[in-house]
> 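Submitted below is the structure of interest, expressed as structure tokens.
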Amino acid sequence: MSEPSESETHGVRHGLPELIAERRSKAQRLRADGHEVCPYSFPGVEPIAEVRAACEPLQEGEETDEMHRVAGRVSARRGAGKAAFIDLVDRTGKIQLHARYDVLGEKPFSQLSEVDLGDLIGIDGALMRARKAGEPTLRVQSFQLLGKALRPPPDKYAGLTDVETRHRNRELDLIANEEVRVAFMQRARIVAAVRAHLDGEGFIEVETPILQPLYGGALARPFTTHHNVLDRDLYLRIAPELYLKRLIVGGMERVYELGKDFRNEGISTKHNPEFTMVEWYEAYADYMDEAERLEGAVRAAAQSIGYEGRLDFAAPWRRITFVEAVQEATGVDLLAHQDAASLAKAIDERDLGLKTAGLSWPQLADELLSKHVEPTLTQPTFVLDYPVELSPFARAHRAKPRLAERWEAFAGGMEIANAFSELTDPDEQRTRFEAQHRLAADGDEETQPYDETFLQALEHGMPPTGGVGLGIDRLVMLLTDRSTIREVVLFPAMRT
RNA sequence: GGGCCGUUAGCUCAAUUGGCAGAGCAGGGGCCUCUUAAGCCCAAGGUUGCAGGUUCGAUUCCUGCACGGCCCA
């Protein structure tokens, strides 16, 4: 214990210290009475939802001798003299316990009466339905403390609403807010559905390095770390792309990886520094094949949680080209303005609220898309054929000069996926790396480092390949109707 | 990085023009054997985010900082 705080002056504790001391002394009293307060296990527990189901056939007020064992956290208690009602919550639901003096006897009844909100208990009880409301209930025959809550839980009715506390102390959020637990269970189902879908299409799940000597596969700044024994810096991956393509070279033909990527950039409602992505690559396919793959994967994810929201994920999703989308949203014809100065002039003339000074043609095009097109794309949409300069790993378009065979998929006004007909020509890839190197030399901090190992892999021969990256967090946001990534990441990044 | 808003008891929230910081829940002491936001009685619980400033007096006005939220970049 540290120095007594002012709240303990005059020998009386107040506030939180008082509440904790009170709970601690209750546990000590139980222990003194010979009650194990921290047992190693509690075998034979039934999910509360199953006990509730077993209660269905009973009439209101009907009592049985059918015994059930449940365990969970005490969420409410209502004393009534020599009886009490306790609400017990587990991961499947809530059930009412009826504690009676005449059933339990004096000592156990008084012990059970000292159980606090938030305590973890297990009980054996007889199935019944309460008389008035017909509430499914277990009449407690015996109970066991399974874990003492020394700190008070959030308010039993108002719950926990403070967003900061909810995100910093997710355990309290999960205790207080059932819908949060449901959302994260849905997230798990979505992830499982994406995996099952790809497995079913003949893809192999692989794991590639998260600690990489060179980062690549996306345009982003990396986190840097250091290997002590090797005495060299390593990067946390910004994408697994280059390793997965090497597996395609190796003949694995259909591979995917679902895991965390790390990007050293801002935190926002749509960005967490570490986030979950699934990338898949398949030989002999192009980007239009991959559009159908994405539709299938997202449909499977939506079905896995019975999604019935405002978004229509039925295939085929709308397909529109980058040039058409910008033209439609802003009136700017990208094809008619093929250099930065001309495009900047066209943008400025239309008063689109964009700063154009100093931006390159591809940067201007990207601004138009992200500011004027992306927010309008509510229903699932593929935007096709990006400027090649924005796509260092995508193959040049087979028919359209200056464009690449790349799409991004949008829904809910947000990018959820990105795909290419992968660039497989090692000489062309080398040229792209050199262009990135020049951008870096000009001060661009989000460029691709030159990766000779990757180039040599391509030089062994790579089949035509389609590849997709799908943001899992954003997909979960859409399917669970959450507006911020922090609501779908259990422990989001917070300032410390 | 910028703008706006917020931070009061364990939780959820009040507080008039700058004038003794209140309530519900939780917790404590009682009563109550079908309650379910149980109810009734009693007592208690505060460094008003942190540091300064103005003032006789600051939760309130001002400055800075920390953390968070929303919007913008």
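In what follows, chains are A, B, ... by sequence order, proteins preceding strands, each numbered from 1. Both backbone and side-chain heavy atoms feed into the values below; hydrogens, waters and symmetry mates do not. Bear in mind the structure is a predicted one, so any value in this text is a computation, not a measurement.
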> State plainly whether the residues A/R170 and A/D173 are in salt-bridge range, i.e. N to O under 4.0 Å.
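A/D173 and A/R170: salt-bridged.
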
> Check every atom of B/G46, B/A73, B/C34 against the side chain of A/A130 and return the nucleotide holding the closest atom.
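In terms of side-chain proximity for A/A130, the closest of B/G46, B/A73, B/C34 is B/C34.
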
> Sorted by first residue and then second, give each salt bridge (charged side-chain N to carboxylate O under 4.0 Å, His left out) pair with at least one member in residues 372-394 of chain A; sequence neighbours left out.
A/D385-A/K400, A/E389-A/R402

> Just call it for A/E22: base, sugar-phosphate, or nothing, with non-hydrogen atoms closer than 4.0 Å on any strand.
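Since only primed, P, OP1 and OP2 atoms lie under 4.0 Å of A/E22, the category is sugar-phosphate.
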
> Measuring from the side chain of A/H14 (C-beta onward, heavy atoms only), which nucleotide among B/G28, B/U36, B/G45 has the closest atom?
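The closest nucleotide is B/G45.
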
> So which nucleotide does B/G1 pair with, by the Watson-Crick or G-U wobble rule with both distances under 3.5 Å?
B/C72

> Rounded to whole Å, how long is the line connecting atom CG of A/L117 with atom P of B/A37?
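Distance check: A/L117 CG to B/A37 P gives 14 Å.
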
> Return the nearest nucleotide to the side chain of A/P154; candidates are B/C11, B/U33, B/U36.
B/C11

> When the P atoms of B/C5 and B/U63 are compared, how many Å lie between them, rounded to an integer?
11 Å

> Do A/H372 and A/L354 have side chains that approach each other closer than 4.5 Å (heavy atoms only, starting at C-beta)?
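Sidechains of A/L354 and A/H372: in contact.
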
> Looking only at atom P, what distance separates B/C13 and B/G49, rounded to whole Å?
15 Å

> Tell me if the side-chain of A/E164 makes a donor-acceptor pair with the base of B/U7, cut-off 3.5 Å, by modelled atom types.
no

> Quick check: do A/Q327 and A/D333 have side-chain heavy atoms less than 4.5 Å from each other?
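Sidechains of A/D333 and A/Q327: in contact.
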
> Under 3.5 Å, side chain of A/Q96 to main-chain N/O of A/R129, donor-acceptor pair present?
no

> Just by modelled atom types, is the A/S391 backbone N or O under 3.5 Å from a matching donor or acceptor in the A/R432 side chain?
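The answer is yes, because a donor-acceptor pair under 3.5 Å joins these two groups.
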
> Roughly how many Å apart are B/G28 and B/C34, using the P atom of each and rounding to a whole number?
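23 Å, rounded to whole Å.
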
> Measure from CZ on A/R78 to C1' on B/A26 and round the result to the nearest Å.
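My rounded result for the distance is 15 Å.
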
> Does the structure place the NZ or CZ of A/R263 under 6.0 Å from the centre of the six-membered ring of A/F275, at an angle of no more than 45° from the ring's axis?
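No cation-pi geometry.
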
> When rounded to the nearest Å, what value does the distance between C1' atoms of B/C70 and B/C61 take?
25 Å

> Rounding to an integer number of Å, can you tell me how far A/Y157 OH sits from B/C13 P?
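From A/Y157 OH to B/C13 P: 13 Å.
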
> Using the side-chain heavy atoms of A/D162, tell me which of these nucleotides is nearest: B/C34, B/G69, B/U12.
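Of all the options, the side chain of A/D162 is nearest to B/U12.
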
> Taking only the side-chain nitrogens and oxygens of A/R151, find out if one of them lies under 4.0 Å from OP1 or OP2 of B/A26.
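Checking B/A26 against A/R151, no side-chain N or O comes under 4.0 Å of OP1 or OP2.
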
> Given atom NE2 of A/H98 and atom P of B/C32, what is their separation to the nearest angstrom?
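Taking NE2 of A/H98 and P of B/C32, I get 15 Å after rounding.
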
> Any salt bridge between A/E328 and A/R318, counting N to O under 4.0 Å?
yes

> Choosing from B/U33, B/U35, B/C70, which nucleotide comes nearest the side chain of A/K82?
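So the side chain of A/K82 is nearest to B/U33.
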
> A/D87 has an atom CG; how far is it from atom C1' of B/U35, in whole Å?
9 Å

> So what's B/C20 paired with, Watson-Crick or G-U wobble, going by both distances under 3.5 Å?
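Checking every strand shown, B/C20 finds no partner, since no pair has both distances under 3.5 Å.
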
> Base, sugar-phosphate, or nothing: which does A/R495 touch, judged by heavy atoms less than 4.0 Å apart?
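If one applies the 4.0 Å heavy-atom cut-off, A/R495 turns out to touch the sugar-phosphate alone, with no base involved.
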
> Just call it for A/S370: base, sugar-phosphate, or nothing, with non-hydrogen atoms closer than 4.0 Å on any strand.
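If one applies the 4.0 Å heavy-atom cut-off, A/S370 turns out to touch nothing in the nucleic acid.
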
> Using a cut-off of strictly less than 4.0 Å, decide whether A/K26 has a side-chain nitrogen or oxygen near OP1 or OP2 of B/G28.
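A/K26 to B/G28 OP1/OP2: side-chain N or O found under 4.0 Å.
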
> Does A/P152 or A/K355 map to a spot on RNA chain B nearer the 5' end, using the closest nucleotide for each?
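Its nearest nucleotide lies further toward 5', so the answer is A/P152.
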
> Can you tell me the base-pairing partner of B/U55? Count Watson-Crick or G-U wobble geometry only, both distances below 3.5 Å, and say none if there is no partner.
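Base partner found: none.
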
> When rounded to the nearest Å, what value does the distance between P atoms of B/C41 and B/U55 take?
48 Å

> When the nearest nucleotide of RNA chain B is assigned to A/Y101 and to A/G79 on a heavy-atom basis, which residue is associated with the more 5' position?
A/Y101

> With a 3.5 Å cut-off and just heavy-atom distances, do the side chain of A/E63 and the base of B/C34 make a donor-acceptor pair?
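When only heavy-atom distances are counted, A/E63 does reach the base of B/C34 through a donor-acceptor pair under 3.5 Å.
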
> Checking all strands, does A/R168 fall into the base, sugar-phosphate, or nothing category for heavy-atom contacts under 4.0 angstrom?
sugar-phosphate

> Which listed nucleotide (B/U12, B/G10, B/C34) is nearest to the side chain of A/A158?
B/U12

> What's the gap between B/C56 and B/A15 when it is taken at their C1' atoms, as a whole Å value?
22 Å

> Can you check whether A/R166 has a side-chain N or O nearer than 4.0 Å to OP1 or OP2 of B/G68?
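So the side chain of A/R166 is outside the cut-off, no N or O lying under 4.0 Å from OP1 or OP2 of B/G68.
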
> What nucleotide among B/A26, B/G69, B/C34 has an atom nearest to a side-chain atom of A/L19?
B/A26

> Say whether, by atom type as modelled, one donor and one acceptor occur between the side chain of A/R482 and the main chain of A/T480 under 3.5 angstrom.
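Indeed, once roles are kept as given, a pair shorter than 3.5 Å links the two residues.
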
> How far does the P atom of B/A44 sit from the matching atom of B/G22, given to the nearest Å?
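Those two atoms are separated by 13 Å.
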
> Take atom CD of A/E60 and atom C1' of B/U36, then tell me their distance rounded to the nearest Å.
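Rounding to the nearest Å, CD of A/E60 and C1' of B/U36 are 14 Å apart.
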
> Do the side-chain N or O atoms of A/T161 get closer than 4.0 angstrom to the phosphate oxygens (OP1, OP2) of B/C13?
yes

> Look at the side chain of A/R486 and decide which nucleotide, out of B/G68, B/U33, B/C70, has an atom nearest to it.
B/G68

> Just name whichever nucleotide pairs with B/G28, Watson-Crick or G-U, keeping both distances under 3.5 Å, else none.
B/C42

> In whole Å, I'd like the distance from the NZ atom of A/K94 to the P atom of B/U35.
17 Å

> When the C1' atoms of B/U59 and B/U8 are considered, how many whole Å apart are they?
7 Å

> What's A/G159 touching, base or sugar-phosphate or nothing? Going by heavy atoms closer than 4.0 Å.
sugar-phosphate

> Could you state the CZ-C1' distance from A/R131 to B/U36, rounded to the nearest angstrom?
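Going from CZ in A/R131 over to C1' in B/U36 covers 15 Å.
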
> Find the partner of B/G64: check Watson-Crick (N1-N3 plus N6-O4 or O6-N4) and G-U wobble (N1-O2, O6-N3) distances, both under 3.5 Å, and reply none if neither fits.
B/C50

